Amino acid sequence: MRGWRRGAGVVATLVGGVLALAVVAAAAAVAFGLAIDASRWRDAAAQQASAALGWPVTLNGALELTLGRELVLRVGRVRVVNPAGFSAPELLTVGEARARFDLLDALRGQPRLRSLEASDVSLWLERSA
């Protein structure tokens with residue numbers, strides 16, 4: 001009977017240690033930022049952006065989400081293609097964009113954009129025929 005209690009105590013101690021380690025790891029990720037490579041969802045993100053804009057969107061660069069005090073989404077090489085009938089091949093190209101969201105709002109399911117930064121932006125505006 002004592003062996004069973006001792007074994008249960010050891011298992012409880014191990015489980016408690018693993019949970020404590022998980023909490024410390026999550027706290028460290030939030031405090032110092034944890035970058036997640038989201039490149040595998042690049043095509044799905046491009047399809048969603050295309051559906052939202054109504055124009056074809058391609059994402060050819062990095063797609064990364066950083067978890068920390070705020071959520072930071074970094075997107076590289078964005079291209080919005082003009083539909084047929086326009087002289088310019090693209091409507092918009094962006095070298096890199098960063099969007100920052102409030103972490104607590106995002107966890108509540110109501111992400112609020114705090115800032116949007118972009119570099120190497122080109123925009124071609126023209127009338128259609």
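Computed over heavy atoms, backbone and side chain alike; hydrogens, waters and symmetry mates excluded. These numbers were taken from a predicted model, which means no experiment stands behind them.
Side-chain contact between L73 and L63: present, with at least one pair of heavy atoms (C-beta onward) separated by less than 4.5 Å. For the pair S119 and E117, the minimum side-chain heavy-atom distance is 4.5 Å or more. Side chains of L59 and V75 form a contact here, defined as non-hydrogen atoms less than 4.5 Å apart. Side-chain contact between D102 and R112: present, with at least one pair of heavy atoms (C-beta onward) separated by less than 4.5 Å. Between D105 and L103, the closest side-chain pair of non-hydrogen atoms is not below 4.5 Å. Looking at heavy atoms from C-beta onward, T66 lies out of side-chain contact with I36 at the 4.5 angstrom threshold. With a 4.5 Å cut-off on side-chain heavy atoms, W55 and S50 do not count as touching.
The nearest pair of heavy atoms linking L71 to A106 is CD1-CB, 3.4 Å. Across R42 and G61, no two heavy atoms sit closer than the pair NE-O, 3.0 Å.
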Could you pull out every donor-acceptor pair under 3.5 Å between side chains of residues 84-97 and any protein atom, sequence neighbours left out?
{"unit_1": "S87", "atom_1": "OG", "unit_2": "E126", "atom_2": "OE1", "d": "3.1"}
{"unit_1": "S87", "atom_1": "OG", "unit_2": "E126", "atom_2": "OE2", "d": "3.3"}
{"unit_1": "E90", "atom_1": "OE2", "unit_2": "R79", "atom_2": "NE", "d": "2.8"}
{"unit_1": "E90", "atom_1": "OE2", "unit_2": "R79", "atom_2": "NH2", "d": "3.3"}
{"unit_1": "E96", "atom_1": "OE1", "unit_2": "R74", "atom_2": "NH1", "d": "3.0"}

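Other residues, nucleotides and ligands contribute over 12 non-hydrogen atoms within 6.0 Å of the CH2 atom of W124. Other residues, nucleotides and ligands place no more than 12 heavy atoms under 6.0 Å from the CG atom of D43.
Following chains of ILVMFWY side-chain contacts shorter than 4.5 Å, one can reach L53 starting from V121, so the two form part of one hydrophobic cluster. Taking hydrophobic clusters as Ile, Leu, Val, Met, Phe, Trp and Tyr residues chained together by side-chain heavy-atom distances below 4.5 Å, L34 does not share a cluster with V72. Using a 4.5 Å cut-off between side-chain heavy atoms of Ile, Leu, Val, Met, Phe, Trp and Tyr, with links allowed through other members, L125 and V81 fall into different hydrophobic clusters.
Taking CG from L116 and CZ from R98, the interatomic distance works out to 11.5 Å, rounded to the nearest 0.5 Å. In this structure, L65 CG and D37 CG are separated by 10.5 Å, a value rounded to the nearest 0.5 Å.
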